[in-house]
Amino acid sequence: MSTSALPKQYDPSEVEPKWLSFWLDNGFFHADDASATVPYSITLPPPNVTGSLHIGHALGSTMQDVLIRWRRMQGWNAMWMPGIDHASIAVHVLLEKDLKRREHKTRFDLGRDEFMRRAWQWKERSGSRISEQEKLMGFSLDWPRERFTMDDQSNRAVREAFVRLYEEGLIFRAKRMINWDPGSETVVSDLEVDTVEEHGSLWSIRYPFADGSGEIVVATTRPETMLGDTGVAVHPDDARYTAVVGKELALPLTGRTIPVVADSFVDPAFGSGAVKVTPAHDPNDYECSQRTGLAILQVIDTRGRMQAPAPAKYVGMTVDDARKAVVADLEAGGFLVETKPYKVPRGRSQRSGAVIEPMLMEQWWVKAGPLAAKAAAAVEDGKTKFVPELWTKTYMHWMNHIKDWCISRQLWWGHRIPAWYCDSCAQITVAREEPAACPACHGKVHQDEDILDTWFSSALWPFSTLGWPDKTRALATFYPNNVLVTGPDIIFFWVARMMMMGIHFMGKVPFRTVYLTSIVTDENGDKMSKTKGNVIDPLDVVHGATIEALLARVDVEKPPDPEAAKKGIKKHFGKGIPAMGVDSLRFALAALNTGSSRIRLSIERVEGYRNFINKLWNASRFALLNLDGYDPERFEAQLASPAARGQLAMPEKWILSRLQATSAAVDTALEQFRFSDAANAIYHFVWDELCDWYIELAKPHLHRPEGLQQDAKASARRHVVQGVLATVLETTMRLLHPFAPYVTEEIWQKLPKPPQLPASLMITVFPRADPSWVDVAAEAEMQLVQDVAVATRMLRATYGVAPSQTVAIELRATAEAPRALLEKYKELIERSARITATLAAGGAPLAGAAKALVGADVQVLLPLGGLIDAPKEKARIEKELEKSRKEIAALEKKLANADFIARAPEEVVAEIRGRLRDEELRTKALVEALETLGVMK
RNA sequence: GGGCGAAUAGCUCAGCGGAAGAGCGUCGCCCUUACAAGGCGGUGGUCGCAGGUUCGAACCCUGCUUCGCCCACCA
């Protein structure tokens, strides 16, 4: 057997590329549509083509890969679908910004064809970059299936879905109030508008009656819209105005007259109780006009400038300029009553940041009601579950209050709407293929200029990626997906719409479980942003980055405030970022993912888990240095029978028992998406049990005998210990592999193991908890050894006994059972605490000895003779005594309570009694120790 | 204005009805031949506040306070 030595520190840069290409070359990530095994599928939320992998992706994708690798190893036919999203509006914003900066042009200057050409160019560059990054992270995506939301197959799916929905009356064209984004010059959906409170003013304006009989004062935060007013509304029950309803007002600055109408949407308590109504530019006012029959005048155009029928003077002004002009003119005309500062809720485009202009326009809509009803019912019936469960409410609330979805966009990069208008008649043709001529009048047709909301194609993604609208094998096998992992921020945008479309077109929910990830923030809980300079780039964590490199990047990326960004970078990454490899990052993300709403990540945190990976590396290194002569096949045969297992020594029984408990914990945790529990179970097993105890106890048995002839017994024992160590490590690699694929593969490949195993760790079998390995007795015995060793080390440390010095201690136990155990494991204790021990049942108080208690009965005596520091010892024991007495008081109080005795379960009462007994023994021993000290004085 | 969540060790978080836990930090002592990215030991908490339910509450209920995050058309 080879005993290849490993370097002292784990070097991911050598290991990662090697195994990545090994996995890819062997097609281990690919799932077979026709496999007879149980399918398990996840669709990766397709990253935007504009982006590169950020920490949020790293989190979500790592969790998906953990699930996929885990299920794959459990024998499921695990398929993880990769893809990229065309991100219509995001690309627009990006390309247009670039165009403006480099060429001072708009997309309109460029023209549709040229713009599209450049967008595709961008896609080719950017799309492959993100895939490369995903590969680097070890994500076991099924690459041959990789898709793009604007590839031929997706285009076909989009057309098919659009046409069918249109034919079913679920897609329609209508003139309604929409959110106009003057920045990107397109409609955006309600979800793409952020309402923010901004400082503005509330103007009160006088509207005189046309007959000169007085006036009505109205208040507004948008005086320029008065140019489009077509009425003033009052509450029908408002006694102040009942007499004037129906009268005409002379609208200042316009020469028009407008009526006073009654509508109950008016709040009589606000301002004067009268509202100016601008139906074309305010959603409320539009509703009002529909109820009261007021006319609609559009005075703002799609570029956010005033247009006729506003008076010529204002035409062409921007909204802001028009506002100033109107206010000035009103004031000059004596119409302005007052101006006061006011907090104005203002809608802003999430994409362009421009102030949203509500407008009345003809657009394409999805009738959401019927789709949402089924999507809500599916969750109510438990067909799809949210994890954590609390998101169910968010989803349900939205579904139950859903509004129609505006799906047309006045952009170019995206799926062009498959609707053709006749140049001669009013016929609209919605079809899968471009019609040669108008079916009604045979006139020429032209296609709708608009494209679809980027989320329309995303909504079809779980089935369009599997071949829909064709009935494919892949679709039959992998739809519905088992899990969707995504961020809560796109529940409405994406999750809800996949649910609606999946149920509609496939008749089944698209996924059984929706796992919502946390938001990754910096260590202070602040959202990561380029401007704050607190962005943790996963690739920097993997490869490392000097502070200079990080700062230099700011100059290339040119964020809005480069100085602030640099300051932030210096603050957060002052010493740069050490290269920590993929596994450290992945493991950190899993370990920190407790399911709370945010994960505070910092470089220090990742370093902590890098240390863990290194610890594991060194434990393996130790093993490999000591496995010479080990024969895995022989060992397997040795362990095959339960009887043989019974022959194992306690430490071996113990570590195997702990290992099986860890397997069980990992499995249970993953079933419940408790990633941090799973990661921490492995972390503690490896560090606290395997490294801190088992390896230490194994050492004397592994060392090669000095003499020429090794005695047979020691040799056999050595082989068993080697076997257990190798087995435990091999199992640990399998357990840990979904979290840290690279380091585990590297170690696993080096470990001696029985032949006929697969070529890669990633296709071995995930450890299954086997209760037959549980050994309660061994765990209890080991606990005693650990407790005695720890108590002894504590005394040593307290009294400054040099680590190199072996001291003699006395162990006392009055009871027979623990004394027998101490006797049995004397050597283990001696080795763990660097002592020699003598055992006694009791005896006279030992003057000049420091004393520690283990449990109630076992005493550890460290003889110090004249060197004992009596006051220190006294203080220490008194502190323990105080704790013990408090505990006794609490326990006695409980037992004195008749209700407790009567109502609490018997076993609880018995347990409390037992604890009281033990605690009393402790107190007695501690008092005795104090008395012994007294002798010294 | 509605809804949801959080408040536990210096920091970040587990625990969610029967003995207060982890990681990091901090303080000692150690280069003990796997690992100083390490070892050993220690310190540190009226579990936000006030009530209630219960034999028993960090955990369940009510109210309050303080922070987050969503949703919402008030001129």
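For clarity, every value in this text was computed on a predicted model and none was experimentally measured. So you know, we letter chains A, B, ... as the sequences are listed, proteins then strands, and number each from 1.
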**Message:** Any side-chain N or O of A:Thr594 below 4.0 angstrom from OP1/OP2 of B:A14?
**Reply:** yes
**Those residues that, when tested against A:Phe622, pass ring pair (Phe, Tyr, Trp, His ring centres under 6.0 Å) (two or more places apart)** = none
**Message:** Quiz question: going by heavy-atom distance under 3.5 Å, is there a donor-acceptor pair between the base of B:C55 and the side chain of A:Asn897?
**Reply:** no
**Prompt:** For B:C71, which nucleotide is its Watson-Crick or G-U wobble mate, given both distances must be under 3.5 Å?
**Reply:** B:G1
**Asked** For B:U32, which nucleotide is its Watson-Crick or G-U wobble mate, given both distances must be under 3.5 Å?
**Response** none
**Side chain A:Glu689, main chain A:Ile655, donor-acceptor under 3.5 Å** = no
**Request:** Counting Watson-Crick and G-U wobble pairs only, both distances under 3.5 Å, name the nucleotide matched with B:U26, or none.
**Result:** B:G42
**Message:** Counting only side-chain nitrogens and oxygens, does A:Arg605 get under 4.0 Å of the OP1 or OP2 atom of B:C24?
**Reply:** no
**Message:** Regarding A:Tyr286, tell me which of base, sugar-phosphate or nothing describes its non-hydrogen contacts under 4.0 Å with the strands shown.
**Reply:** nothing
**Message:** In this structure, how many angstroms lie between the C1' atom of B:G56 and the CD atom of A:Glu911, rounded?
**Reply:** 13 Å
**Message:** From C-beta outward on A:Tyr683, which listed nucleotide comes closest to its side chain: B:U54, B:A14, B:G23?
**Reply:** B:G23
**Per A:Arg600 side chain, nearest of listed nucleotides B:U12, B:A19, B:C70** = B:U12
**Item:** Pair A:Asn611-A:Glu607, side-chain donor/acceptor within less than 3.5 Å
**Value:** no
**Prompt:** Who is the Watson-Crick or G-U wobble partner of B:G56, with both distances under 3.5 Å?
**Reply:** none
**Separation between the C1' atoms of B:G56 and B:C64, rounded to whole Å** = 26 Å
**Partner nucleotide of B:A50 by Watson-Crick or wobble geometry (both distances under 3.5 Å)** = B:U62
**Message:** Distance check, P atoms only: B:C24 and B:A37, in whole angstrom units.
**Reply:** 14 Å
**Message:** My understanding is that a pair needs two contacts under 3.5 Å, Watson-Crick or G-U wobble. By that rule, which nucleotide pairs with B:G17?
**Reply:** none
**Complete:** When rounded to whole Å, the CZ to P distance for the pair A:Arg913 and B:G56 reads 17 Å
**Asked** Which whole-number value in Å describes the distance from A:Phe493 CZ to B:C71 C1'?
**Response** 13 Å
**Prompt:** Quick one: the side chain of A:Asp899 and the base of B:C55, do they pair up donor-acceptor inside 3.5 Å?
**Reply:** no
**Fill in**
Comparing nearest nucleotides in RNA chain B, the 5'-proximal residue of the pair A:Lys393, A:Ile599 is A:Lys393
**Request:** For B:G42 and B:C61, measure between their P atoms and round to the nearest Å.
**Result:** 38 Å
**Item:** P atoms of B:G44 and B:G10, separation to the nearest Å
**Value:** 11 Å
**Request:** To the nearest Å, give me how far apart CG (A:Asp282) and P (B:C73) are.
**Result:** 11 Å
**Request:** Give one of base, sugar-phosphate or nothing for A:Ser804, where a contact means two heavy atoms less than 4.0 Å apart.
**Result:** nothing
**Message:** Base, sugar-phosphate or nothing for A:Arg674? Non-hydrogen atoms, less than 4.0 Å.
**Reply:** sugar-phosphate
**Asked** If the P atom of B:C49 is compared with that of B:U65, how far apart are they to the nearest Å?
**Response** 16 Å
**Asked** Tell me: CG of A:Asn680 to P of B:G15, nearest whole Å?
**Response** 11 Å
**Item:** Inter-nucleotide C1' distance (B:A20, B:U8), Å rounded
**Value:** 9 Å
**Prompt:** With under 30° as parallel and over 60° as perpendicular, where do the rings of A:Tyr609 and A:Tyr683 fit, or are they tilted in between?
**Reply:** perpendicular
**Request:** Starting at atom CG of A:Asp267, determine the distance to atom P of B:C74, rounded to an integer number of angstrom.
**Result:** 12 Å
**Request:** List for me each residue that meets side-chain hydrogen bond (donor to acceptor under 3.5 Å, both in side chains) alongside A:Glu830, sequence neighbours excluded, and say none if there are none.
**Result:** A:Lys826
**Message:** Does A:Pro345 reach a base, just sugar-phosphate, or nothing at all? Heavy atoms under 4.0 Å.
**Reply:** sugar-phosphate
**Item:** Pair A:Glu911 + A:Arg915, salt bridge at N-O below 4.0 Å
**Value:** yes
**Request:** Would you indicate what A:His401 reaches in the nucleic acid, counting non-hydrogen atoms under 4.0 angstrom: base, sugar-phosphate, or nothing?
**Result:** nothing
**Residues A:Phe386, A:Trp391; criterion ring pair (Phe, Tyr, Trp, His ring centres under 6.0 Å); working and verdict** = CA-CA 6 Å; A:Phe386 285 84; A:Trp391 293 110; 8.6 Å; no
**Asked** With under 30° as parallel and over 60° as perpendicular, where do the rings of A:Tyr10 and A:Trp617 fit, or are they tilted in between?
**Response** tilted
**Asked** To the nearest Å, how far apart are A:Lys527 NZ and B:C70 C1'?
**Response** 12 Å
**Request:** Could you state the atom-to-atom distance from CZ of A:Arg346 to P of B:A72 in whole Å?
**Result:** 19 Å
**Item:** P-based separation of B:G17 from B:C27 [nearest Å]
**Value:** 38 Å
**Prompt:** Of A:Phe492 and A:Leu390, whose closest RNA chain B nucleotide lies nearer the 5' terminus?
**Reply:** A:Leu390
**Asked** Should the heavy atoms of other residues, nucleotides or ligands under 6.0 Å from CZ of A:Arg885 be counted, would the total exceed 12?
**Response** no
**Message:** Could you tell me how far B:A9 sits from B:A14 if I compare only their C1' atoms? Round to whole Å.
**Reply:** 13 Å
**Message:** Measuring to OP1 and OP2 of B:A14, would you say a side-chain N or O of A:Ser596 lies under 4.0 angstrom away?
**Reply:** yes
**Request:** Indicate yes or no: at least one non-hydrogen side-chain atom of A:Lys527 is less than 4.5 angstrom from one of A:Thr521.
**Result:** no
**Fill in**
Expected string for nucleotides 29-44 of chain B under the B/S/- scheme (protein heavy atoms, under 4.0 Å, primed atoms plus P, OP1, OP2 as sugar-phosphate) is -S-S-BB-BSSSSSSS
